**Student:** 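Pasting a structure here, questions to come.
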Amino acid sequence: MQVKRVVLNSRPGNNGVPVPANFRLQDTTLAPDLKDGEVLVRTLCLSVDPYMRCRMNEDTGVDYVTPWQLSECVDGGGVGVVESSRCSACSEGDVVTSFNWPWQTKAVMKGSALQTVDPQVVDGHLSYFLGAVGITGLTALLGMREKGHVIKGANQTMVVSGAAGACGSVAGQIGRLDGCVRVVGICGSEDKCRALVDDLGFSAAINYRQEDVPAKLRELCPDGIDVYFDNVGGGISDTVIAQMNNNSHVILCGQISQYNKDVPYPPPLSEEIQETLQRKNITRERFTVLNYMNKADAALFELSQLVKSGQINVLETVVNGIENMGDAFCSMMKGGNIGKQIIKISE
C-alpha cells in the first residue's frame, strides 16, 4: 500500500528559525498484513504545536519529549479512523487519537497506543480532539485551575500572552468563566485582536507589534494584574510581570519567543525580574500538563460541555494536504495561525 509521509530532512540552522525545507515529503509502502495488536488507520487531521520546535533539536532539553530523528517520520497529535484491526480494543470505523501520530496519510499503529473517542463529544468536529477538547484544552484548563488561583468575586485581572494561539485562546475564556472580571490578551495582529474581543469575549486585546505594551497594560489593567498566562516569555513577559500585583500568579505554560534560541527551558530571567517576583511574592512555577493526567478525564468532559454549550468558542486555522505540513508548522511558529493550527489530511 502506497502512502505519503513527512520526515525530518534537516535541523534548523545557526539562527535556529525552522524553515519548510527542514521537512521532506516521501512516498513509502505499508505491509498489507497486520500483526496481532496492530491496526491500520487513515489519518484525518494532524496538529502542529510550539513544543515541536524542541523536537527538531538533537536534545529537546526536557525529559518528557523525545527528539525527532533525521530522515525518520515526524509525529505529533493526530486523529484518524480505523480501516482494519487485529486489536480487540479497536474496531473498523472507530475514530481514534494519539499524541504520537505519524505524519502519514495512513499508518499501521499498535492499538494500545490509540485512544478511541466519541465524535458526539465534539459535535463531529474531530479536529477539536487535537485542540480545545484535547491536550491543548487540558493545558489551558488545568493550567488555570492548578496555578491561576482565580477566585470568583475577587475582582481579578488576567493577562494572556500568545492569546490568539490554540492554548491562550482557551485559557482566556476559562479565566473569564472562572471569575476574572477583566481578561486582556496580547497578540500580533489587528485580526487577532478583533477575534479575541468579538469571538472569544476577551475584555480587550493589545497588538504588541504596533502598540506600546507597557502603556496599554497600564490603561487596560488599572488595578494591576493578578493572573498571567504566559505562552511567550521574553520581553513581553518581563513587561507583564513588572505590572503584576503582590501575591499574584504566573502560569508558566510556554516560551515560544525563546524556542529558536539555544537556552535552557525555562529560559533564565533577568535579575530585575527575579527581584520583582521575590519582592511582590509572585508565584511562577513551570506548568507541565502531563503531571496532571489523573485529572484529564474530568477536565476533558468539562471542556466538551463548555464547547458544546457555546461557553467556549473554538478558533482554528485549517490547511489542507500532508504536503503542507512543513509550511503550516513554520507559519504557526511565526504566529500565522488564529486559534489551533490544523492540517486536514483526508475526509
Side-chain angles (χ1 to χ4, degrees), residues 139-165 167-190 192-255 257 266 269-287 306 311-313:
T139 302
L141 181 71
L142 294 175
M144 286 298 300
R145 298 280 168 79
E146 298 295 327
K147 304 290 186 184
H149 304 281
V150 175
I151 303 163
K152 267 196 164 56
N155 199 40
Q156 288 166 301
T157 293
M158 174 180 174
V159 171
V160 185
S161 59
C167 190
S169 60
V170 176
Q173 295 180 82
I174 290 166
R176 174 173 52 77
L177 292 169
D178 282 0
C180 289
V181 296
R182 190 177 288 107
V183 179
V184 177
I186 302 174
C187 57
S189 75
E190 289 306 303
K192 290 181 179 182
C193 286
R194 273 193 297 276
L196 291 179
V197 175
D198 296 346
D199 300 330
L200 305 185
F202 280 59
S203 312
I206 300 170
N207 180 349
Y208 74 86
R209 296 183 196 273
Q210 295 186 348
E211 297 183 276
D212 180 335
V213 177
K216 288 298 289 185
L217 282 172
R218 284 191 292 273
E219 173 194 330
L220 297 171
C221 308
D223 300 322
I225 298 160
D226 303 293
V227 183
Y228 173 41
F229 199 98
D230 182 9
N231 287 303
V232 304
I236 284 176
S237 290
D238 292 352
T239 298
V240 175
I241 290 168
Q243 296 192 33
M244 293 185 75
N245 292 326
N246 292 337
N247 306 310
S248 55
H249 304 280
V250 177
I251 302 158
L252 182 55
C253 180
Q255 303 279 279
S257 72
L269 296 171
S270 68
E271 287 185 15
E272 182 184 358
I273 295 300
Q274 290 184 53
E275 189 275 330
T276 300
L277 293 171
Q278 197 166 4
R279 175 170 46 85
K280 292 186 174 181
N281 193 36
I282 300 170
T283 65
R284 180 182 178 271
E285 299 167 345
R286 178 175 173 177
F287 175 75
L306 291 170
Q311 292 174 273
I312 286 181
N313 287 332

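Remember, it's a predicted structure, so these values are computed and weren't measured experimentally. All values below were derived from every heavy atom in this structure, side-chain atoms included, with hydrogens, water molecules and symmetry-related copies excluded.
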**Student:** Any chance you could measure Asp199, atom CG, to Leu196, atom CG, to the nearest 0.5 Å?
**Tutor:**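 It comes to 8.5 Å.
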**Student:** So does Ile206 get a backbone contact from the side chain of Lys192, meaning a donor-acceptor N/O pair under 3.5 Å?
**Tutor:** no
**Student:** Do Glu219 side-chain atoms and Ala215 backbone N/O form a donor-acceptor pair below 3.5 Å?
**Tutor:** no
**Student:** Have a look at Gln243 and tell me which of Val159, Ile225, Val213 forms a side chain to side chain contact (heavy atoms under 4.5 Å, CB included) with it.
**Tutor:**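 So, applying the side chain to side chain contact (heavy atoms under 4.5 Å, CB included) to Gln243 and each of Val159, Ile225, Val213, only Ile225 qualifies.
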**Student:** Measure the CD1-CD distance between Ile241 and Glu272 for me, rounded to the nearest 0.5 Å.
**Tutor:**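 If I round to the nearest 0.5 Å, the distance is 11.0 Å.
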**Student:** Could you list the donor-acceptor pairs under 3.5 angstrom formed by side chains in residues 172-179, with sequence neighbours left out?
**Tutor:**
unit_1 : atom_1 : unit_2 : atom_2 : d
Gln173 : OE1    : Asn313 : N      : 2.8
Gln173 : NE2    : Ser169 : O      : 2.9
Gln173 : NE2    : Asn313 : O      : 2.9
Arg176 : NE     : Gly201 : O      : 3.4
Arg176 : NH2    : Leu200 : O      : 3.2
Asp178 : OD1    : Arg145 : NH2    : 3.2
Asp178 : OD2    : Arg145 : NE     : 2.8

**Student:** If you look at every heavy atom in Val232 and Gly162, which pair is closest and at what distance?
**Tutor:** CG1-N, 3.6 Å
**Student:** Could you check Leu269 against Arg284 for side-chain contact (heavy atoms from CB on, under 4.5 Å), going step by step and ending with a plain yes or no?
**Tutor:** CA-CA 11 Å; Leu269 296 171; Arg284 180 182 178 271; 3.4 Å; yes
**Student:** Got a second to check how far Gln274's CD is from Ile282's CD1, nearest 0.5 Å?
**Tutor:**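 Answer for the CD-CD1 pair, Gln274 versus Ile282, is 12.5 Å.
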**Student:** Is it true that Asp226 and Asn245 share a donor-acceptor pair across their side chains at a distance under 3.5 Å?
**Tutor:**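 Indeed, the side chains of Asn245 and Asp226 share at least one donor-acceptor pair under 3.5 Å.
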**Student:** Could you go through the side-chain contact (heavy atoms from CB on, under 4.5 Å) check for Val160 and Phe202 one step at a time?
**Tutor:** CA-CA 10 Å; Val160 185; Phe202 280 59; 4.2 Å; yes
**Student:** How many angstroms lie between atom NZ of Lys147 and atom SG of Cys253, to the nearest 0.5 angstrom?
**Tutor:** 12.0 Å
**Student:** May I ask you to test the Val250-Thr283 pair for a side-chain heavy-atom distance under 4.5 Å?
**Tutor:**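 With C-beta onward as the side chain, the pair stays apart.
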**Student:** Taking the side chain as C-beta and beyond, is there a heavy-atom pair between Lys280 and Asn247 under 4.5 Å?
**Tutor:**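 Lys280 does not reach Asn247 side chain to side chain.
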**Student:** Could you check whether any side-chain N or O of Gln156 sits under 3.5 Å from a backbone N or O of His149, counting only pairs where one atom can act as donor and the other as acceptor?
**Tutor:**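 Here the side-chain-to-backbone pair exists.
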**Student:** Scan side-chain atoms only and decide if Ser237 and Tyr228 contain a donor-acceptor pair under the 3.5 Å cut-off.
**Tutor:**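 Yes.
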**Student:** Carefully, step by step, assess Thr139 and Phe287 under the rule side-chain contact (heavy atoms from CB on, under 4.5 Å).
**Tutor:** CA-CA 9 Å; Thr139 302; Phe287 175 75; 4.0 Å; yes
**Student:** So how far is it from Ser161 OG to Asn231 CG, rounded to the nearest 0.5 Å?
**Tutor:**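 Output value for this atom pair is 5.0 Å.
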**Student:** Would you give the length of the straight line joining atom CD1 of Ile273 to atom CD of Gln278, rounded to the nearest 0.5 angstrom?
**Tutor:** 13.0 Å
**Student:** Dump the intermediate steps for side-chain contact (heavy atoms from CB on, under 4.5 Å) on His249 and Met244, then the final yes or no.
**Tutor:** CA-CA 8 Å; His249 304 280; Met244 293 185 75; 5.7 Å; no
**Student:** Kindly determine whether Asp230 and Gln255 satisfy side chain to side chain donor-acceptor pair (under 3.5 Å), including the steps that lead there.
**Tutor:** CA-CA 7 Å; Asp230 182 9; Gln255 303 279 279; 3.0 Å; yes
**Student:** Going by atom type alone, with no hydrogens or angles, which donor-acceptor pairs under 3.5 Å involve a side-chain atom of residues 180-188 and a protein atom two or more places apart or on another chain?
**Tutor:**
unit_1 : atom_1 : unit_2 : atom_2 : d
Arg182 : NE     : Leu220 : O      : 3.3
Arg182 : NH1    : Thr157 : OG1    : 3.0

